[in-house]
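No hydrogens, no waters, no symmetry mates; every other heavy atom, side chains included, goes into these values. In this text the structure is predicted, and so the values were computed from the model without any measurement.
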Amino acid sequence: GTPAPKGKTPKGKTPKGKTPKGKAPTKKSSKKKKEPKEKEHVRTPRLGPVTLIKNARMVGVRGTINLVLSKGKITAMARQIPAQALKQLKVELTVDAKGGRVGPGRIDAWASLGDSLPLGRALDAFDPYDTQTLEAALSQGVTTVFLNPMRGAQSSGQGAVIKLIPGGTREEILVKEGLALHAGLGLSQPTLTGSLNDGQTLTKYFEQVRNYQDSWVEYEEKLKKYEAELKKFAASQAKGGKPGAKPGAKPPTRRPVRRAPSRRPTRGAPPSKGATPKKGATPKKKKGPKKPAQPPLDRGLALAGKVLDGVLPLRVEAHRFEDIVNALELQQTYGFKLILEGVSEGHLLAEQLAEAKVTVVLGSPRLGEDTSRYPLRTVSDLAARLEAAGVELIIGSDGWVKTGSLSEAAALHASAGLDFRAAEAAITSRPAKLLGLEKTGELQRGFDADLVLYAPSEFGAEAVRAVFVDGRLVYQRSAQ
């Protein structure tokens, strides 16, 4: 019976304004819950030992240089590294380059694989145990590949960036995926009619995407209006309340009014105005606002909507003049970022491509005369012409099984007039930038230890001697 001291709460009771432990507060928070974000893939590389590469040459550097690879990065680069520093770094493996060149791992930004399903994933078609194709790519110094799905005239699924590690797990090889939306123009029929049909199909598809987005914007506006009306209606239905009254508010007191006795209605006659309803009868309730119908969900259209919103670029394979024009007109209509693949007749539109700031990914140059029924108007120095016009140029293989020919493709473009440094950048630093790969594609301190060691050149030719991915030796040329 003793009252609790001032400022203290009796045992077993909860202070006002506080919630007992283990119980949730009854008052709901006015803040809306944030939608959970999609989990980003976090790669878990299998790191190699601390490695010293000595007596190596680099392009643009006089003499030889030494590099230290540690924790998957290039941690040191110098002409001479003191023995004491090497001891502190705890070097476990030493590789003597013997004057051979060292360069960044090559990146294939165009390796088609899989099918053209709208929600397909190119990664699902990749076999990390395909040792023959993997070794063919590694033997040419390729360390990173962008797998893109085969193209149709509409959305063709999602691509993925992987690192070439024979037998690697998904967590080890996958860098990122869902980087672009893919499509193709003029691939079904290499005719003017085929180009026209594919152009119309892709245009109608993006009109459908825009209508899908508009339907959801309209739905969200109606839903917002509905929630406001529902809140108003709930307040009006509160006990003794009026429209606009606060829930739980006490009704105003009124003086009782005496009503004159009404005459009892005869049997069968309708009840008079103000008559008491029959016992047990349910009074009519006022209907609340009607909730708007939600539009049907379509994951393919929602994914394509990211292109119109500027979140993803559209990658289109187009070779003929008409197909390239269709792609440029579509970009002008919707204002999205465009990446073109192939562009065999791109020299006819070089200035327009540069003006539209379109990135172009070329495959191997087409050599010899085109003897097909509908020949392409090709030129051997296409890469050199696009580079001279100011087009952002990248070189790819145009197929996973062709990844091993990436170096050959770059060499052929260089022999046809493309500057050697530009050709090297088109398969290293430029694709790294296009694919959003930070600290990749160059030999710098703090960058990924994905690099290639070449054997000393003989008669002007370089052969890949060893390949490192994440500082780990993944390929070594057998002694012959």
Evaluate side chain to side chain contact (heavy atoms under 4.5 Å, CB included) for V307 paired with F206, printing each intermediate quantity in order.
CA-CA 10 Å; V307 172; F206 275 104; 4.2 Å; yes

One pair to check against side chain to side chain contact (heavy atoms under 4.5 Å, CB included): L330 and T203. What are the steps and the verdict?
CA-CA 7 Å; L330 200 63; T203 301; 3.8 Å; yes

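For the pair L451 and V469, the minimum side-chain heavy-atom distance is 4.5 Å or more. Taking the side chain as every heavy atom from C-beta outward, V95 and F468 approach each other to under 4.5 Å. The side-chain heavy atoms of T144 and D108, taken from C-beta on, include no pair separated by under 4.5 Å. Proximity of V467 to D450: side-chain heavy atoms (C-beta onward) are nowhere separated by under 4.5 Å. Contact of the R210 side chain with the L308 side chain is registered, since non-hydrogen atoms from C-beta on lie closer than 4.5 Å. Between L386 and L362 there is a side-chain heavy-atom pair separated by less than 4.5 Å. Put simply, the side chain of L301 reaches to within 4.5 Å of the side chain of Y205, judged on heavy atoms. Between K73 and F447, every side-chain heavy-atom pair lies at or beyond the 4.5 Å cut-off.
A salt bridge (Lys or Arg N to Asp or Glu O under 4.0 Å) check over residues 80-97, counting only residues at least two apart or in different chains, returns nothing. Residue pairs meeting the side-chain hydrogen bond (donor to acceptor under 3.5 Å, both in side chains) criterion with at least one member in residues 414-430, sequence neighbours excluded, are E387-R430.
Annotation for A384 and L418: closest pair CB-N, 3.8 Å, computed over non-hydrogen atoms. Heavy-atom minimum distance, F321 versus E345: N-OE1, 2.8 Å. Here the closest heavy-atom approach between residue A389 and residue A354 is recorded as O-CB, 3.4 Å. Shown here for L338 and V316, the closest heavy-atom pair between the two residues is CD1-CG2, 4.0 Å.
Residue R445 places its CZ atom among 12 or fewer non-hydrogen atoms of other residues, nucleotides or ligands, all under 6.0 Å distant. Heavy atoms of other residues, nucleotides or ligands lying less than 6.0 angstrom from CD of Q294 number more than 12. Counting non-hydrogen atoms of neighbouring residues, nucleotides and ligands closer than 6.0 angstrom, the CD atom of Q444 exceeds 12 such neighbours.
Salt-bridge annotation for K222 and E218: present, with a side-chain N of the basic residue lying under 4.0 Å from a carboxylate O of the acidic one. Salt bridge present: E341 and R315 bring a charged side-chain N and a carboxylate O closer than 4.0 Å. Ion pairing between a basic and an acidic side chain is recognised when a charged N comes within 4.0 Å of a carboxylate O; K163 and D470 show such pairing.
Tested against L147, the residues V161, I162, T403, D124 include a single side-chain contact (heavy atoms from CB on, under 4.5 Å) partner, I162. When each of T440, V145, V142, I427 is checked for a side-chain contact (heavy atoms from CB on, under 4.5 Å) with I107, only T440 meets the rule.
Between N148 atom CG and L179 atom CG the span is 10.5 Å, to the nearest 0.5 Å.
Ring orientation note: the planes of F336 and Y334 are close to parallel, at an angle under 30° on the 30°/60° scale.
A donor-acceptor contact under 3.5 angstrom links the side chains of D309 and Q213, judged on distance only. Counted by atom type alone, D198 and T201 present zero donor-acceptor pairs between their side chains at under 3.5 Å. With 3.5 Å as the limit, one finds no donor-acceptor pair spanning the side chains of S344 and R320.
Although no hydrogens or angles enter the test, the distance criterion places a donor-acceptor pair under 3.5 Å between the side chain of R57 and the main chain of G99.
By the 6.0 Å and 45° rule, R465 does not stack over the aromatic ring of Y454.
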